[in-house]
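In what follows, a single structure is set out as structure tokens and then discussed.
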There are 2 protein chains.
Amino acid sequence: MNIQNDRGQKETSATQGAYLSIRDMILTGQLPAGDKLKIEKLRMMLNTGASPVREALSLLTSDMLVERIDQRGFRAAPASQSNFEEILMLRCSLEDMAVRMSVDKADSDWEDALVLSHHRMKKLAANGDATFEDAHKSFHMALLDNCGSPMLLKYCSQLYDLNIRYRYLAAGSESYQSRNIPAEHEEILSAAVQRDSALAADRLITHYRLTGEYLTAQLADI
Amino acid sequence: MNIQNDRGQKETSATQGAYLSIRDMILTGQLPAGDKLKIEKLRMMLNTGASPVREALSLLTSDMLVERIDQRGFRAAPASQSNFEEILMLRCSLEDMAVRMSVDKADSDWEDALVLSHHRMKKLAANGDATFEDAHKSFHMALLDNCGSPMLLKYCSQLYDLNIRYRYLAAGSESYQSRNIPAEHEEILSAAVQRDSALAADRLITHYRLTGEYLTAQLADI
DNA sequence: AAAATTAAAAATATCGATATTTCTTGACAC
DNA sequence: GTGTCAAGAAATATCGATATTTTTAATTTT
């Protein structure tokens with residue numbers, strides 16, 4: 001078989017497919033925060049059996065995107081202002097650590113990969129669709145990739161995803177963003193390429209704090 | 001039915017039971033690092049079906065105690081010197097953050113719970129069995145419990161467990177420990193009760209670093 | 001003898017069905 | 001009218017069986 005899903009990820013197993021699909025639906029808000037996730041319903045939506053769905057939900061539990069309720073099944077993790085602030089705080093701490101380690105150990109292979117991922121992101125521009133989202137995440141992860149700690153990277157990746165969810169949640173309300181985000185990315189890249197880890201970390205954290213303030217404002221009127 | 005397992009945790013579901021049992025077997029080294037985890041074998045050992053075992057393994061994957069290999073099942077996460085150092089580094093960073101936040105927000109309820117958990121641990125003494133291990137973890141988690149960030153607590157708890165594993169791994173080789181660990185615990189407790197977050201953090205991190213050095217030495221000759 | 005091929009065995013992933021548990025609803029008592 | 005309880009409905013958790021996939025072992029080919 002080897003069916004491909006919307007975003008073009010080749011699915012090796014039914015479980016993997018269900019995992020990616022459900023994750024996507026939660027991140028984009030297609031499955032709203034706090035909603036009950038009924039096995040039968042998901043089974044139908046994804047055209048698969050109950051076992052892969054259950055296993056996918058188990059995996060998402062550890063990503064903190066799904067909660068398991070004792071003997072009562074699963075639900076999409078609730079979203080709240082305080083949860084968002086927690087994610088922001090942890091991201092700032094962990095990514096600060098990761099980007100410093102990454103830049104401090106910089107070598108030309110890593111630099112090449114970083115420049116490349118920035119270029120790819122730029123080319124797609126902020127069209128807001130899934131391909132840009134992926135490229136954007138790739139750029140941010142490429143920045144941290146050289147830190148040498150797979151576990152730290154995993155945490156950062158997880159927190160990044162949790163944050164995306166709030167971007168989609170806030171997307172509904174209108175508000176003008178006076179920031180120049182591509183420029184912020186360029187500046188972060190530039191600091192990294194100059195091997196100035198403190199500056200890169202500063203700029204990255206500022207980038208997140210600004211987005212955080214923007215999202216907090218948006219979330220307030222939802 | 002409501003069977004109870006070795007350690008006296010009442011198991012609500014077969015999955016939960018399998019999860020706790022397998023986790024325990026990996027932490028104590030009964031299932032050695034890197035070993036293939038065959039569903040059938042575990043199914044027999046735990047007297048349960050394949051579904052709960054699979055789901056338990058999925059959950060353990062996110063705890064980083066089990067690895068899933070594409071279409072080839074599961075294996076106990078490998079252990080290595082560098083993995084141990086990574087865990088130690090992350091624990092120091094995250095617990096430093098957590099204990100500061102926790103102590104800075106100290107109130108009498110939290111202080112009571114902390115003193116109580118210390119007392120319980122002391123009473124069991126370091127007999128090395130599972131009940132002491134649980135009490136020891138409870139004390140360390142009680143220290144962080146007031147930090148106000150459930151996610152940070154989850155990470156710390158996860159890292160604590162990953163670390164236990166290396167303690168069991170090193171337990172085989174002989175070496176005299178000149179440290180007075182109960183005294184270190186008392187000092188950490190004392191700093192926390194005095195609401196001196198910087199001192200508490202310092203003492204906690206030193207405590208971990210010392211254990212880290214000891215374990216590193218032990219691991220070397222394995 | 002080494003490499004490649006293939007057939008058999010083992011293990012995994014998935015399905016469909018069943019046993020439990022939780023949730024809902026309506027009757028009855030107060 | 002409100003609260004309790006029981007029966008039925010819905011959903012979950014688990015089991016046993018089957019279809020795939022991977023591994024092993026044996027056979028053939030170079």
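Quick caveat: nothing in here was measured; it's all calculated off a predicted structure.
Whole-Å rounding puts the B:Ile39 CD1 to D:dG16 P distance at 16 Å. Distance CG (A:Asp70) to C1' (D:dA13): 11 Å, rounded to an integer number of Å. For the pair B:Arg43 CZ and D:dT14 P, the interatomic distance rounds to 14 Å; values are reported in whole Å. The distance from atom CG of A:Leu42 to atom P of C:dC15 is 14 Å, rounded to the nearest whole Å. Per the geometry, CG belonging to B:Leu46 stands 11 Å off P belonging to D:dC15, to the nearest Å. Distance NZ (A:Lys38) to C1' (D:dT12): 12 Å, rounded to an integer number of Å. Atom pair A:Glu40:CD and C:dT22:P shows a separation of 20 Å (rounding to whole Å applied). In this entry the distance linking CG of A:Leu37 with P of D:dT12 reads 9 Å, nearest Å.
Below 30°, between 30° and 60°, or above 60°: for B:His140 and B:His185 the angle between ring planes is above 60°, a perpendicular geometry.
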If you apply the rule side chain to side chain contact (heavy atoms under 4.5 Å, CB included), what do you find for A:Arg68 with B:Glu55, and how did you get there?
CA-CA 12 Å; A:Arg68 137 177 270 142; B:Glu55 224 172 296; 2.4 Å; yes

Can you give the donor-acceptor pairs under 3.5 Å from side chains of residues 87-97 of chain A to other protein atoms, not counting sequence neighbours?
{"unit_1": "A:Arg91", "atom_1": "NH2", "unit_2": "A:Tyr208", "atom_2": "OH", "d": "3.3"}
{"unit_1": "A:Ser93", "atom_1": "OG", "unit_2": "A:Met89", "atom_2": "O", "d": "3.3"}
{"unit_1": "A:Glu95", "atom_1": "OE1", "unit_2": "A:Tyr208", "atom_2": "OH", "d": "2.6"}
{"unit_1": "A:Glu95", "atom_1": "OE2", "unit_2": "A:Tyr208", "atom_2": "OH", "d": "3.2"}
{"unit_1": "A:Asp96", "atom_1": "OD1", "unit_2": "A:Arg100", "atom_2": "NE", "d": "3.2"}
{"unit_1": "A:Asp96", "atom_1": "OD2", "unit_2": "A:Arg100", "atom_2": "NE", "d": "3.3"}

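Near-neighbour residues of DNA chain C inside residues 47-62 of chain A, defined by a heavy atom below 4.0 Å, number-ordered: A:Thr48, A:Gly49, A:Ser51, A:Pro52.
Side-chain atoms of B:Ser149 and B:Lys154 include no donor-acceptor pair closer than 3.5 Å. In this structure, a donor-acceptor pair under 3.5 Å is present between the side chains of A:Asp63 and A:Tyr19.
The side chain of B:Ser13 lies closest to D:dA13 when the candidates are C:dA13, D:dA13, C:dA11. Relative to the side chain of B:Gln71, the nucleotides C:dA11, C:dA13, D:dT12 differ in distance, and C:dA13 lies closest. Which of C:dT14, C:dA11, D:dT22 sits closest to the side chain of B:Lys36 comes down to C:dA11.
The shortest heavy-atom contact between B:Tyr155 and A:Gln158 is OH-NE2, 3.2 Å.
Between A:Met101 and A:Leu152, some side-chain heavy-atom pair lies under the 4.5 Å cut-off.
Considering only side-chain N and O atoms, B:Arg72 lies nowhere under 4.0 angstrom from the phosphate OP1 or OP2 of C:dA11.
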